[in-house]
Every structure is written in C-alpha cells, then in structure tokens.
Amino acid sequence: MSTGQADGPLPPRPLPDPAADDPPGHGPLLSRAAFDELFDTVRTWGRWTPAGRGAWNRVTPDHVRRAAALVRSGRTVPLGLPWDTRPGPDNGRPALHHMTDLGDVEPAEPATHKDFLAADYHGKAVTHLDALSHVAYRGELYGGTPARDAVGAAGARFGTVADLGALFARGVLLDLPAALGVHWLEPGHTLHARDLLDAERALGATLDEGCALLLRTGRFRRRGEAGPWDSGAASAGLHPDAVPLLAERGISLLGADGDSDVRPSPVAGVHSPVHALAVAAMGVPLLDNLDLEQLSTACAEAQRYEFALVVAPLMVPGGTGSPVCPVAVL
C-alpha cells in the first residue's frame with residue numbers, strides 16, 4: 001500500500017473497495033476458523049481479579065513509579081480531539097454542545113454561563129476509551145461472561161468504565177510514519193508484527209509488561225491536508241496477526257489515531273477483529289481516535305518515544321466506555 005511521501009500536501013488517493021475480495025494492502029485474509037483459533041490462543045480469561053479491569057491489573061505500584069520517573073522536561077501533551085459538532089464523512093453522529101444559561105437565568109452577580117454536552121461517542125470522531133463491556137465475541141464478554149446477561153438497557157453490570165478507573169502507566173508511541181519517513185499511512189495500510197518490530201528498532205522504543213501502546217498512522221495529518229473520508233470503510237491499522245506480539249509483550253492498553261483495526265476487515269464476518277482480540281480475548285481496553293500529531297512532534301524533539309501516560313475516564317456506572325482526553329507527560 002502506498003504511503004504519503006514527506007514533501008508537502010498530497011491529494012487524496014482512492015480508498016480500498018470494501019467489496020473487493022482482497023483490497024490492496026488488506027491481507028492476508030483470515031478464515032473465521034483461523035480467527036477463532038487466534039482468539040483462543042491470545043485470551044487471558046481467568047488470569048486477574050477483578051476481571052472487569054482486565055489487563056489494567058498488570059499496572060502495579062512499581063509500574064506507576066517507573067512511569068513517573070519518565071517525566072523529565074515536564075512537557076504535557078493532550079491527546080484528545082476537539083469536541084466535534086459538525087457532521088462529516090467520518091462524523092455521522094456529531095457531538096452536541098449548546099448553552100443552557102447565558103447569565104440571565106439566575107439572580108445577578110455573579111453572572112454564570114452554563115452549557116450542555118452530549119455524544120454518541122463510540123464512533124470515529126470522539127476520543128474515547130472502550131471498556132471491557134463494549135465488545136463481545138461469540139456472545140461473550142471478556143472472561144466468558146454472557147453479554148446478554150451483563151449488558152442491558154440500563155447499562156453494563158460487568159467490565160464497566162467505572163470498574164477500570166484511572167490509569168497511570170508507561171506510554172510508548174510507535175510512530176509508524178516517522179519510522180518509515182512519510183507523512184502518513186494511506187487508508188487500508190495493514191500493519192503486521194514485523195512492522196511493529198521494525199518501528200521499535202527505528203524509534204528506539206520497546207514494548208514491555210504493563211505499558212500502554214499508542215499507534216500513530218498519521219490519520220489526522222492526512223485529514224488536515226487531503227480532507228476527511230469515511231474512516232469506517234478504510235483506515236490504516238493492525239492486522240490480527242500482529243496481536244500475538246502484543247499479547248507476548250503484556251501491554252495494558254492499546255490506543256491509536258484510528259481505532260487500531262485495519263479497514264476493510266481481513267476477517268469475513270468480523271468487522272473489528274482487533275477489537276475482539278484485544279478487548280474480549282485479552283482484556284485490553286482501547287483508546288480510539290487519539291490526536292497523536294503533537295505527541296509525534298514532542299517525541300521527535302525529545303528523541304525518545306516513551307513517556308508517562310495519564311488516562312482518566314468519566315466514572316459512569318454501567319458505562320461501556322467514556323469520552324476522554326489522555327495526557328502524555330515527557
């Protein structure tokens with residue numbers, strides 16, 4: 001798959017055809033049987049208590065102390081996107097923001113101004129955290145909890161965002177465009193385990209037990225220079241065959257400037273195979289739609305791709321996730 005070469009703004013290229021048998025850069029295709037075997041290979045069911053926190057249980061006080069020691073310059077980098085109320089090809093359900101008080105509702109002095117926020121955030125436009133109740137595979141949430149018993153109209157009773165709480169961990173940015181010397185990866189560009197290993201070597205960053213992995217594909221640089229597109233139909237991301245490497249390294253969190261999955265999906269009948277493997281098999285929460293452009297610059301300037309990462313989701317009882325603005329501290 002072609003990549004955006006680093007010489008100024010580039011025009012958008014045709015997106016992969018989701019109906020094609022094997023879109024460029026999309027494969028190799030996996031059968032459902034092969035995917036099920038992979039799911040069973042990487043799953044960690046029964047490993048932790050409480051199970052609803054999944055791989056966040058990997059982060060011990062010692063991990064937190066080591067992460068805190070990565071703060072050297074004190075530079076803070078927010079990783080959340082602006083609250084987007086404008087519809088677009090990648091924002092079919094825009095967030096809401098309107099004023100409820102313009103200083104004329106309550107008694108005068110001091111005047112107060114109030115606003116209302118709402119979002120159907122599990123999409124492509126809001127930076128958010130996926131808790132373990134967000135993804136079920138073969139009818140089961142992480143650990144084998146039947147999804148129909150655990151999630152209903154009032155919310156979830158297992159694997160909620162409130163169960164997760166906050167995370168402070170060592171973050172690692174695998175900046176794939178920086179490692180390849182390009183502006184961005186084109187939609188449909190597939191990342192395999194060898195690509196992650198090559199990026200580790202190129203950037204001098206190593207994934208280890210309890211770390212939070214952030215993947216930059218350059219999605220928002222491409223969007224800014226070439227315009228928006230339907231990232232639900234085509235996006236750069238991981239092939240399922242990269243997930244065993246993440247399981248071997250023992251990551252606690254996976255985030256990306258997309259949603260970590262390559263699209264179109266290489267697995268027939270499974271629209272988000274990396275979601276299924278990470279969340280439902282491995283108990284690894286996901287951060288979707290991160291803005292990693294500032295962090296890419298900061299890491300290049302600091303000449304290191306590790307940092308302390310803070311993730312503080314809203315404490316929503318029964319919530320399957322939360323809008324969030326993580327912060328990297330170098």
Step-by-step side chain to side chain contact (heavy atoms under 4.5 Å, CB included) determination, L79 to T127: CA-CA 8 Å; L79 308 181; T127 304; 5.9 Å; no
From R216 atom CZ to L185 atom CG, the distance as rounded to the nearest 0.5 Å: 8.5 Å
4.5 Å side-chain heavy-atom contact, L129 and L253: yes
Distance in Å, N57 CG paired with L164 CG, rounded so as to fall on 0.5 Å steps: 9.5 Å
Donor-acceptor contact below 3.5 Å, side chain R170 vs main chain H63: no
Any side-chain heavy-atom pair of R58 and W48 under 4.5 Å: yes
D261 versus S235, closest heavy-atom pair with distance: O-OG, 3.4 Å
Joint hydrophobic cluster, V161 plus F168, side-chain heavy atoms closer than 4.5 Å: yes
Min side-chain heavy-atom separation Y137-R43 under 4.5 Å: no
P177 to H183 - nearest heavy-atom pair and separation: CB-O, 3.6 Å
Heavy-atom side-chain contact between K114 and V105 under 4.5 Å: no
D40 and R138 ion-paired at < 4.0 Å: yes
Shared hydrophobic cluster for Y121 and L286 (ILVMFWY, side-chain gaps under 4.5 Å): no
Heavy-atom closest contact (H113 atom, L102 atom, distance): CD2-C, 3.4 Å
Residue pair L196 / L207, side-chain heavy-atom distance below 4.5 Å: no
D163 (side chain) donor-acceptor with T160 (main chain) under 3.5 angstrom: yes
Under-4.0 Å salt bridge between D62 and R66: yes
Residue among P326, P323, S322 satisfying side chain to side chain contact (heavy atoms under 4.5 Å, CB included) with P313: S322
Residue pair L176, T217: steps toward the side chain to side chain contact (heavy atoms under 4.5 Å, CB included) verdict: CA-CA 6 Å; L176 278 303; T217 68; 5.8 Å; no
Parallel, tilted or perpendicular: rings of H122 and H134 (30°, 60°): parallel
Atom pair CG/CD of L203 and E306 - distance to nearest 0.5 Å: 12.0 Å
Short side-chain to backbone donor-acceptor contact, H192 and H239, under 3.5 Å: no
Short side-chain to backbone donor-acceptor contact, S252 and A55, under 3.5 Å: no
Sole candidate of D84, D259, D90 that passes salt bridge (Lys or Arg N to Asp or Glu O under 4.0 Å) when paired with K124: D259
E209 atom CD: more than 12 heavy-atom contacts under 6.0 Å: yes
Which atom of A281 lies closest to which atom of Y142, heavy atoms considered: O-CE1, 3.4 Å
From CA spacing to verdict: side chain to side chain contact (heavy atoms under 4.5 Å, CB included), L246, V284: CA-CA 10 Å; L246 307 184; V284 174; over 6 Å; no
Sidechain-backbone polar pair: N289 side chain, V126 backbone, donor-acceptor under 3.5 Å: yes
Interatomic spacing from CG in D120 to CZ in R93 - rounded to 0.5 Å: 4.0 Å
Criterion side chain to side chain contact (heavy atoms under 4.5 Å, CB included) on E200 and Y305, from CA distance to verdict: CA-CA 9 Å; E200 279 187 322; Y305 287 81; over 6 Å; no
S296 OG to L214 CG distance, which is reported to the nearest 0.5 Å: 12.0 Å
Backbone N/O of V270 and side chain of S265: donor-acceptor pair under 3.5 Å: yes
Heavy-atom donor-acceptor pair, W83 side chain to A119 backbone, under 3.5 Å: no
Nearest-0.5 Å distance, CG of residue L295 to CG of residue L330: 6.5 Å
Linked, directly or transitively: V77 and L287 (ILVMFWY side chains, under 4.5 Å): yes
Cluster check V311, V329: I/L/V/M/F/W/Y, side chain < 4.5 angstrom: no
Heavy-atom pair of closest approach, residues V151 and R157: N-NH2, 4.2 Å
L174 reachable from L245 in the ILVMFWY side-chain graph, under 4.5 Å edges: yes
Note, L132 side chain near V279 side chain (heavy atom, < 4.5 Å): yes
Side chains of T320 and S133 in contact at under 4.5 Å (non-hydrogen atoms): yes
Check: G103 main-chain N/O paired with T112 side-chain donor or acceptor under 3.5 Å: no
Any donor-acceptor pair under 3.5 Å from R263 side chain to H271 backbone: yes
L70 vs F307 side-chain heavy atoms within contact, under 4.5 Å: no
Nearest non-hydrogen partners of D257 and G218, listed with the distance: OD2-N, 2.9 Å
Charged tip of R223 within 45° of W184 ring normal and under 6.0 Å: no
Backbone of G210 reached by a side-chain donor or acceptor of D208 within 3.5 Å: no
